[in-house]
**Q** 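Here it is, the structure in full.
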Amino acid sequence: MGGFEIKSNAFHKVTGGVVVERAQRENCDLRAIIKVKQDDYVPEGVRLTERIDEKLFTAEFAPETLETLEQDDKVRSVAVSQAVRIIE
């Protein structure tokens with residue numbers, strides 16, 4: 001990934017740091033629930049997967065996009081999805 005490194009403690013809007021670090025190592029996209037301040041706003045670099053309401057949606061994006069989301073004044077929060085193990 002060109003030397004780009006994410007320090008999860010550098011983000012204030014983003015939760016799910018362990019998943020972020022794993023996605024960076026494995027070079028795969030992140031999935032998250034994103035809350036924005038403006039109706040129907042979708043930040044650049046984000047692929048909307050499902051809209052929950054006017055300001056809340058699920059999305060996929062590359063780990064490098066986190067820095068842009070953190071700096072975007074229209075983004076309120078980013079909750080990165082974590083895999084859940086099933087216990088039988």
Side-chain angles (χ1 to χ4, degrees):
M1 269 201 283
F4 181 81
E5 184 176 339
I6 295 171
K7 302 279 189 213
S8 60
N9 61 352
F11 298 108
H12 302 287
K13 296 179 186 179
V14 179
T15 59
V18 173
V19 176
V20 171
E21 291 168 7
R22 186 176 63 217
Q24 182 183 17
R25 280 193 313 272
E26 297 173 4
N27 196 25
C28 61
D29 284 348
L30 294 167
R31 293 180 183 157
I33 298 173
I34 300 177
K35 186 172 187 177
V36 295
K37 298 176 183 177
Q38 178 181 320
D39 287 357
D40 300 317
Y41 176 69
V42 178
E44 188 174 333
V46 169
R47 291 178 307 283
L48 185 140
T49 54
E50 190 72 36
R51 187 163 292 283
I52 299 166
D53 68 20
E54 294 83 15
K55 294 182 180 171
L56 191 66
F57 57 90
T58 61
E60 294 181 344
F61 51 89
E64 302 86 43
T65 305
L66 281 174
E67 190 170 345
T68 302
L69 294 173
E70 181 69 28
Q71 300 301 319
D72 191 329
D73 291 334
K74 295 177 187 173
V75 174
R76 187 173 305 277
S77 64
V78 180
V80 178
S81 301
Q82 299 185 40
V84 178
R85 293 188 314 165
I86 297 174
I87 300 173
E88 294 183 29

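Along the sequence shown, the residues carry numbers beginning at 1.
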**Q** Report the residues that fulfil side chain to side chain donor-acceptor pair (under 3.5 Å) with Ser77, sequence neighbours left out, ordered by chain and then residue number.
**A** none
**Q** Mind checking what makes salt bridge (Lys or Arg N to Asp or Glu O under 4.0 Å) contact with Arg47, not counting sequence neighbours?
**A**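 Salt bridge (Lys or Arg N to Asp or Glu O under 4.0 Å) list for Arg47, sorted by chain: Asp29, Glu60.
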**Q** Is the shortest side-chain heavy-atom distance between Val78 and Leu30 below 4.5 Å?
**A**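 Contact flag for Val78/Leu30 side chains = no.
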**Q** Which atom pairs, donor and acceptor, lie under 3.5 Å between side-chain atoms of residues 32-45 and protein residues at least two apart or in another chain?
**A**
from  : atom 1 : to    : atom 2 : distance (Å)
Lys37 : NZ     : Asp73 : O      : 3.2
Tyr41 : OH     : Asp72 : OD2    : 2.5

**Q** According to a 4.5 Å side-chain heavy-atom criterion applied to Ile, Leu, Val, Met, Phe, Trp and Tyr, with indirect links allowed, do Val75 and Ile52 form part of one hydrophobic cluster?
**A**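 Hydrophobic grouping puts Val75 apart from Ile52.
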**Q** Would a single hydrophobic cluster contain both Leu48 and Leu69, if residues Ile, Leu, Val, Met, Phe, Trp and Tyr are joined by side-chain heavy-atom contacts under 4.5 Å?
**A** yes
**Q** What's the separation between atom OG1 in Thr68 and atom CZ in Phe61, rounded to the nearest 0.5 Å?
**A**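 One finds 10.5 Å between OG1 of Thr68 and CZ of Phe61.
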**Q** Looking at Ala59 and Thr49, what are the two nearest heavy atoms and their distance?
**A** N-OG1, 3.4 Å
